[in-house]
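For reference, the structure is listed below as structure tokens.
Note that ligands are numbered from 1 as they come in the structure, with each ligand's atoms numbered from 1 the same way. When reading the values below, keep in mind they use all heavy atoms of this one structure, side chains included, and skip hydrogens, waters and symmetry mates.
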Amino acid sequence: MAKNIVVTGAGGFIGGHLVNDLRQQGHTVRAVDIKPLEEWYQRFDDVESLSLDLDLRDACVQAVDGMDTVYNLAANMGGMGFIEHNKALCMLSVLINTHMCVAAQEEGIDRFFFASSACVYNADKQKDPNVTALKEEDAYPALAEDGYGWEKLFSERMCRHFREDYGLTTRVARYHNVYGPNGTYSGGREKAPAAICRKVIQAKLDGTNEIEVWGDGKQTRSFMYIDDCVKGTQMIMESDILEPINLGSSELVSINQLVDIAEEVAGIKVKRNYNLSAPKGVNGRNSDNALINKHLGWEPSIRLRDGIERTYAWIYDQMTSNQPALV
Ligand code: NAD
């Protein structure tokens with residue numbers, strides 16, 4: 001059945017893809033982002049697109065007016081280089097989720113989704129590159145990523161208490177590293193997969209065949225391709241899963257292995273200059289998918305090699321043409 005859906009953060013990476021998928025299913029979509037429309041990563045003629053600052057309560061009221069479903073993806077975020085240096089700014093995203101919850105409850109919204117993050121997990125559980133995959137319960141006792149992770153953890157609980165106290169139906173996914181085309185690949189907010197692709201492409205284009213890698217390359221992560229993220233987000237939204245749940249790939253790789261894959265796709269070998277003083281985040285992080293498998297009989301499954309091939313191709317096109325990233 002067609003719904004009236006508002007997606008916040010729609011001018012960004014995941015929001016843009018989600019809007020596209022929802023409109024293709026025949027839903028009426030309102031897309032909202034603070035960025036001026038010409039800076040959105042994806043925009044669609046058949047979607048109402050609003051440039052609003054959702055830190056403000058009135059803007060949140062306007063965003064949800066007449067809608068029945070909310071996907072709240074708006075946040076100030078970026079890769080490690082960004083979140084380590086912008087803790088206060090990341091914490092200010094608490095205004096967005098707070099005002100969106102209040103507005104959604106007042107509007108009588110049917111379902112409300114909040115995009116949380118693996119950065120909520122206790123840092124002590126992520127010291128070893130041979131990490132034991134993180135289970136949902138590992139967020140407590142709380143020792144989240146400073147700034148960004150604490151905001152996500154607090155906002156998760158806000159969703160929980162709006163559900164328990166006010167009857168707002170909330171769903172929360174903890175995304176683990178999402179990557180793909182139409183995302184940030186330069187400028188300081190990019191995350192590891194896009195950054196590595198960009199550096200390898202640059203090394204190939206200017207013939208230096210040399211890249212900088214943050215940390216010693218031994219830190220481990222899992223990376224979820226955008227199509228899995230968009231699918232899983234909607235499955236969680238439609239489910240009866242009340243507590244925050246992991247949405248991530250369980251294909252664990254080191255950053256060095258990520259570089260290996262980018263090299264393979266590029267068809268070159270690069271010299272790796274390790275920058276040990278650059279932000280590198282926790283030593284190891286992976287997604288335990290037992291719970292999502294139990295509830296949905298599904299988990300993200302797109303192989304990193306396949307996803308990087310598509311992401312590399314898109315970034316390559318962006319870097320070698322002057323076309324804006326709009327469709
Ligand atoms: P993104 O930066 O591409 O998109 C977020 C969007 O929110 C941006 O376009 C930004 O302009 C918008 N925004 C920020 N402040 C706003 C405000 N005050 N009002 C309106 N819009 C505002 O990031 P993304 O990768 O698409 O992430 C989407 C969501 O998923 C975020 O909540 C993020 O924290 C979460 N998340 C993403 C990842 C990932 O790997 N990409 C991992 C974990 C969690």
Taking only heavy atoms of Leu54, which atoms of ligand 1 are found under 4.0 Å from at least one of them? 17 (C), 18 (N), 19 (N), 20 (C)

Any atoms of ligand 1 less than 4.0 Å from a non-hydrogen atom of Gly12? List them with their elements. 3 (O), 4 (O), 9 (O)

Do the ring planes of Tyr179 and Tyr225 sit parallel (below 30°), tilted (30 to 60°) or perpendicular (above 60°)? perpendicular

Of all the heavy atoms in His176, does at least one lie under 4.0 Å from an atom in ligand 1? no

Between Thr8 and Asn72, is any side-chain donor less than 3.5 angstrom from a side-chain acceptor? yes

Atoms in ligand 1 with a heavy atom of Leu52 nearer than 4.0 Å: 19 (N), 20 (C)

Within less than 4.0 angstrom of ligand 1, does Trp40 place any heavy atom? no

For Lys191, which part has a heavy atom under 4.0 Å from ligand 1: side chain, backbone, both, or neither? side chain

Can an N or O of Ile14 be found at a distance shorter than 3.5 Å from an N or O of ligand 1? yes

Using a strict 4.0 Å cut-off to heavy atoms of Ala115, name the atoms of ligand 1 that fall inside it. 29 (C), 30 (O), 32 (O)

Inspect the contact between Glu145 and Lys152 and indicate whether a charged nitrogen and a carboxylate oxygen are less than 4.0 angstrom apart. no

Where is the nearest protein heavy atom to atom 18 (N) of ligand 1: which residue, which atom, and how far? Asp53 OD1, 3.0 Å

Report, in ascending order of atom number, the atoms of ligand 1 lying under 4.0 Å from any heavy atom of Gly11. 9 (O)

What atoms of ligand 1 come within less than 4.0 Å of a heavy atom belonging to Gly9? 6 (C), 7 (O)

Sub-3.5 Å donor-acceptor pair from the side chain of Asn182 to the main-chain atoms of Phe13, do we have one? no

Arg163 to Phe112 six-membered ring, cation-pi geometry met (6.0 Å, 45°): no

Check this for me, if you would: do Glu212 and Lys271 make a salt bridge, where the nitrogen-to-carboxylate-oxygen distance has to be below 4.0 angstrom? no

Going by distance alone, is a donor N or O of one side chain under 3.5 Å from an acceptor N or O of the other, for Gln42 and Trp40? no

I want to check a possible cation-pi pair here: Lys35 against Tyr41, using under 6.0 Å from ring centre and within 45° of the ring axis as the test. yes

Using a 4.0 Å cutoff against the non-hydrogen atoms of Asp55, which atoms of ligand 1 qualify? 18 (N)

Is it the case that ligand 1 has an N or O less than 3.5 angstrom from some N or O of Phe13? yes

From the options Ile34, Ile83, Thr8, Val178, select the one whose nearest heavy atom is closest to atom 22 (C) of ligand 1. Ile34

Heteroatom distance test (Ser116, ligand 1): nitrogen or oxygen, under 3.5 angstrom: no

Show me which atoms of ligand 1 lie under 4.0 Å from any heavy atom of Tyr148. 33 (C), 34 (O), 35 (C), 36 (N), 43 (C), 44 (C)

Output yes when the distance from some N or O of ligand 1 to some N or O of Asn76 is under 3.5 Å, and no in every other case. no

Distance-only, no hydrogens or angles: does the Glu210 side chain make a donor-acceptor pair with backbone N or O of Ala203 under 3.5 Å? no

State whether the shortest distance between N or O atoms of Ile96 and N or O atoms of ligand 1 falls below 3.5 angstrom. no

Identity and distance of the protein heavy atom lying nearest atom 29 (C) of ligand 1: Leu73 O, 3.2 Å

With ring centroids as reference points, do Tyr185 and Trp314 lie under 6.0 angstrom apart? yes

N/O separation below 3.5 Å, Thr184 to ligand 1: no

Give a yes or no answer on whether the side chain of Asn122 reaches the backbone of Pro141 with a donor-acceptor pair at less than 3.5 Å. yes

I'd like to know if Arg174 pairs up with Glu156 as an ion pair, taking the criterion as any Lys NZ or Arg NE/NH1/NH2 lying under 4.0 Å from an Asp or Glu carboxylate oxygen. yes

For atom 2 (O) of ligand 1, the protein heavy atom that lies nearest, with its residue and separation: Met77 CG, 3.8 Å

Answer with yes or no whether the side chains of Asn4 and His27 bring together a donor and an acceptor at under 3.5 Å. no

Would you mind finding which of Val120, Asn72, Asp33 brings a heavy atom closest to atom 6 (C) of ligand 1? Asp33

Going by heavy-atom distance to atom 5 (C) of ligand 1, choose the closest among Ala75, Cys90, Ser93. Ala75

Answer with side chain, backbone, both or neither: which part of Lys152 has a heavy atom less than 4.0 angstrom from an atom of ligand 1? side chain

State whether Arg157 and Glu151 are salt-bridged, where the test is any N-O pair (Lys NZ or Arg NE/NH1/NH2 against Asp/Glu carboxylate O) under 4.0 Å. no

Does the distance from a Lys or Arg side-chain N to an Asp or Glu carboxylate O, for Asp138 and Lys125, drop under 4.0 Å? yes

Between Ala74 and ligand 1, is there a nitrogen or oxygen pair with a distance under 3.5 Å? no

